Trainee: 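Input: one structure, supplied below.
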Amino acid sequence: MAGGAREVLTLQLGHFAGFVGAHWWNQQDAALGQATDSKEPLGELCPDVLYRTGRTLHGQETYTPRLILMDLKGSLSSLKEEGGLYRDKQLDAAIAWQGKLTTHKEELYPKNPYLQDFLSAEGVLSSDGVWRVKSIPNGKGSPPLTTATTPKPLIPTEASIRVWSDFLRVHLHPRSICMIQKYNHDGEAGRLEAFGQGESVLKEPKYQEELEDRLHFYVEECDYLQGFQILCDLHDGFSGVGAKAAELLQDEYSGRGIITWGLLPGPYHRGEAQRNIYRLLNTAFGLVHLTAHSSLVCPLSLGGSLGLRPEPPVNFPYLHYDATLPFHCSAILATALDTVTVPYRLCSSPVSMVHLADMLSFCGKKVVTAGAIIPFPLAPGQSLPDSLMQFGGATPWTPLSACGEPSGTRCFAQSVVLRGIDRACHTSQLTPGTPPPSALHACTTGEEVLAQYLQQQQPGVMSSSRLLLTPCRVAPPYPHLFSSCGPPGMVLDGFPKGAGLCFLSLHSSGEHPSVWGTVFLFVPAPDPGSLGQRPHQTRLAALGQLHGCWSGAR
């Protein structure tokens, strides 16, 4: 572990949380691979905040997520519960029984074709029986595997994705996966449908002790644990699991930050009356109890409403996605998380989770909401002041928390991250003697441009803004969502800059071109204490650039 890294332990609770988490960890893996392949020193984000070093039984160094995930029986597909990187010694214990044995075997799930290609490219076992893993930052791990031929792009099809493990390309530690065997993922019977069911799971000694053992394993090896981030389904019984887990963390690790991201899939159908009632009640109970035990809570969904009346899904300029596919919705939410969590993952001058939560809390109210423009419309030849000025005085973001438009509300505090825009575009390159067209064009640094824009948009609001050069990396198996974007990070000329969806594909002559864009995340939070009037709100905002190279395995 790199000295001084302020570690974060991630909990993923639920199947949709698994989808978001799979994309999230794939993005972290893409960023690690970029740093390794380019032989550059680590950038502005510290991977040791989210990752831990380890060693296999063969002595091979590994680098795996500091993660505990919980899901239901039947949700892993071909992924083994102990992971595939190395086995826990307890699982390899010899059988002492000398009597007659009867073996019952289940049919193995067929491995997703994408994962078969991925394992072939990455390498599983070498000829001497030792697992070879790709190199990792700071000299951790073995040299990367080399092949004589260039591997083909590893991109799964939407039809091949059944569960989140079908596209997870990150190896997990044996203590990461915790299965709830008493409930089924598939079928109509034995489902984890209600908040009370989920709450009762962690009241059982078996599951409570298992979670506590895994928490102790990860926490005790941390030098500077700053807290926990919880990715939790809100629409089903995992809202109860998350509430109970947050309560356990608050009791056992008092003083640590607990930031909860409550996740909901895309739009629902009006005809499923009973399930819609369950979804509404689970979401309401989950938000209330998670808020009581968390430092900060933010619901995230691409649906238009949390209520019983369905609303159309969220639309983004230059983004084409299918809201009925968890594979698509989770990719967008994971991209948002990768940028919005930047403040407590920085190498230098990081903001702790507790400090971030304290800054955004207002009178003890700890709920914030999210919003985004994906991608940010930076056209060729434009500077950051040019792109910000084109919004005028209108609210430029689209809500990401199914809480409606934030118009008519007042902001209390906001945290903003701008990332991935080339330094040359940070300020306006005016000819000497030319009067600046706006105050933003007169700024001398990108940090000043961003701070000035926030001050103009929300006078009197407490704002924390950061400017990063590091982009948000997206690589296969990230789905093809972006349209009308070209390198390097520009919206192509001739396309509208306002609201609306461009139904264009990224395919070009059989090749998968590089995708560059910029994400603007803006997180407003209504005051839950007032239903008719919402006088105050908190915003957690971020701007980030997407950089995807569809060139296959590294």
Side-chain angles (χ1 to χ4, degrees), residues 9-22 24-25 65-84 88 90-91 104 106 108-109 162-166 168 172-218 228-249 251-252 258 260-265 275 278-279 281-283 285-286 289-290 293 326 330:
L9 175 57
T10 303
L11 278 70
Q12 284 175 208
L13 309 176
H15 198 68
F16 186 65
F19 268 84
V20 176
W24 160 275
W25 295 115
R66 191 177 296 106
L67 167 69
I68 300 174
L69 69 86
M70 301 186 75
D71 210 336
L72 307 180
K73 181 173 65 175
S75 62
L76 292 184
S77 187
S78 60
L79 177 65
K80 295 180 180 179
E81 188 170 340
E82 67 273 14
D88 195 319
Q90 295 178 353
L91 300 176
H104 300 272
E106 283 188 14
L108 294 177
Y109 283 95
R162 293 178 47 255
V163 294
W164 54 263
S165 57
D166 283 338
L168 176 70
L172 302 180
H173 189 272
R175 292 183 182 268
S176 284
I177 301 177
C178 177
M179 300 304 295
I180 302 176
Q181 298 291 345
K182 64 182 294 185
Y183 293 106
N184 298 319
H185 168 65
D186 292 317
E188 294 300 321
R191 303 293 295 271
L192 185 61
E193 294 182 304
F195 177 90
Q197 287 177 300
E199 197 176 34
S200 66
V201 166
L202 289 187
K203 290 181 179 179
E204 295 183 24
K206 172 187 174 182
Y207 293 110
Q208 182 176 349
E209 291 172 6
E210 188 170 1
L211 177 58
E212 289 177 341
D213 288 344
R214 293 167 191 266
L215 285 170
H216 294 159
F217 171 78
Y218 285 110
F228 307 86
Q229 57 182 11
I230 302 176
L231 279 63
C232 176
D233 287 359
L234 290 180
H235 62 288
D236 57 20
F238 273 101
S239 62
V241 176
K244 199 64 182 175
E247 181 181 355
L248 187 153
L249 293 176
D251 291 343
E252 193 160 348
I258 304 173
T260 300
W261 308 98
L263 305 171
L264 297 101
R275 288 191 177 182
Y278 272 123
R279 178 192 54 79
L281 292 176
N282 290 332
T283 302
F285 280 123
H289 287 266
L290 286 168
H293 304 296
S330 58

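Each residue takes its place number in the sequence, starting with 1. Because the structure is a prediction, the values reported are computed rather than measured.
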Trainee: Do Tyr278 and Arg191 pass the side-chain contact (heavy atoms from CB on, under 4.5 Å) test, and can you show the C-alpha distance, the side-chain angles, and the key distance before you say yes or no?
Mentor: CA-CA 12 Å; Tyr278 272 123; Arg191 303 293 295 271; over 6 Å; no
Trainee: Return yes if some donor-acceptor pair links the side-chain N/O of Asp251 with the main-chain N/O of Leu248 below 3.5 Å, else return no.
Mentor: no
Trainee: For Tyr218 and His173, take the angle between the two ring planes, folded into 0 to 90°, and tell me which bin it lands in: parallel under 30, tilted 30 to 60, perpendicular over 60.
Mentor: perpendicular
Trainee: Take Ser75 and Tyr183, measure what side-chain contact (heavy atoms from CB on, under 4.5 Å) needs, and give me the verdict at the end.
Mentor: CA-CA 11 Å; Ser75 62; Tyr183 293 106; over 6 Å; no
Trainee: Given side chains that start at C-beta, do those of Glu252 and His216 come closer than 4.5 Å, heavy atoms only?
Mentor: yes
Trainee: For Phe285, does the CZ atom have more than 12 heavy-atom neighbours from other residues, nucleotides or ligands under 6.0 Å away?
Mentor: no
Trainee: How long is the gap from NZ on Lys206 to CD1 on Ile180, to the nearest 0.5 Å?
Mentor: 10.0 Å
Trainee: Are side-chain heavy atoms of Trp164 and Leu76 found at a separation under 4.5 Å?
Mentor: yes
Trainee: Begin from the C-alpha positions of Glu210 and Arg214 and carry the test salt bridge (charged side-chain N to carboxylate O under 4.0 Å, His left out) through to its verdict.
Mentor: CA-CA 6 Å; Glu210 188 170 1; Arg214 293 167 191 266; 2.8 Å; yes
Trainee: Does some side-chain heavy atom of Phe16 sit less than 4.5 Å from a side-chain heavy atom of Asp236?
Mentor: no
Trainee: Does a side-chain heavy-atom distance below 4.5 Å link Leu69 with Leu172?
Mentor: yes
Trainee: When you measure from the side chain of Asn282 to the backbone N and O of Ser239, does any donor-acceptor pair fall under 3.5 Å?
Mentor: no
Trainee: What's the separation between atom CZ in Phe228 and atom CG in Leu9, rounded to the nearest 0.5 Å?
Mentor: 5.5 Å
Trainee: State which residues pass side chain to side chain donor-acceptor pair (under 3.5 Å) with Glu193; sequence neighbours excluded, sorted by chain then number.
Mentor: none
Trainee: Would you name the heavy atoms of Leu211 and Ala245 that are closest together and state the gap between them?
Mentor: CD2-CB, 4.4 Å
Trainee: To the nearest 0.5 angstrom, please state how far the CG atom of Leu192 sits from the OG atom of Ser200.
Mentor: 8.0 Å
Trainee: Please tell me if the side chains of Leu263 and Phe19 come closer than 4.5 Å, counting only heavy atoms from C-beta onward.
Mentor: no
Trainee: Within the structure provided, determine whether Met70 and Leu202 are in side-chain contact (heavy-atom separation under 4.5 Å).
Mentor: yes
Trainee: Mind running side-chain contact (heavy atoms from CB on, under 4.5 Å) on Gln12 and Phe238 for me, showing each step along the way?
Mentor: CA-CA 10 Å; Gln12 284 175 208; Phe238 273 101; over 6 Å; no
Trainee: Testing the basics here: between Ala17 and Leu231, what is the closest heavy-atom pair and its distance to 0.1 Å?
Mentor: CB-O, 3.4 Å
Trainee: For Tyr207 and Val241, run side-chain contact (heavy atoms from CB on, under 4.5 Å): C-alpha distance rounded to whole Å, both residues' side-chain angles, the deciding distance at 0.1 Å, then the answer.
Mentor: CA-CA 11 Å; Tyr207 293 110; Val241 176; over 6 Å; no
Trainee: State, with a plain yes or no, whether a side-chain heavy atom of Thr260 is found less than 4.5 Å away from one of His293.
Mentor: no
Trainee: Show the nearest heavy-atom pair for residues Ala246 and Leu290, with the distance to one decimal.
Mentor: CB-CD2, 4.1 Å
Trainee: To the nearest 0.5 Å, what is the distance between CG on Asp233 and CG on Asp71?
Mentor: 8.0 Å
Trainee: With a 4.5 Å heavy-atom cut-off, do Leu67 and Trp24 have their side chains touching?
Mentor: no
Trainee: Quick check for you: to the nearest 0.5 Å, what is the distance between Glu247 atom CD and His289 atom NE2?
Mentor: 9.0 Å
Trainee: Hey, what do you get for CD (Gln181) to CG (Leu72), rounding to the nearest 0.5 Å?
Mentor: 9.5 Å
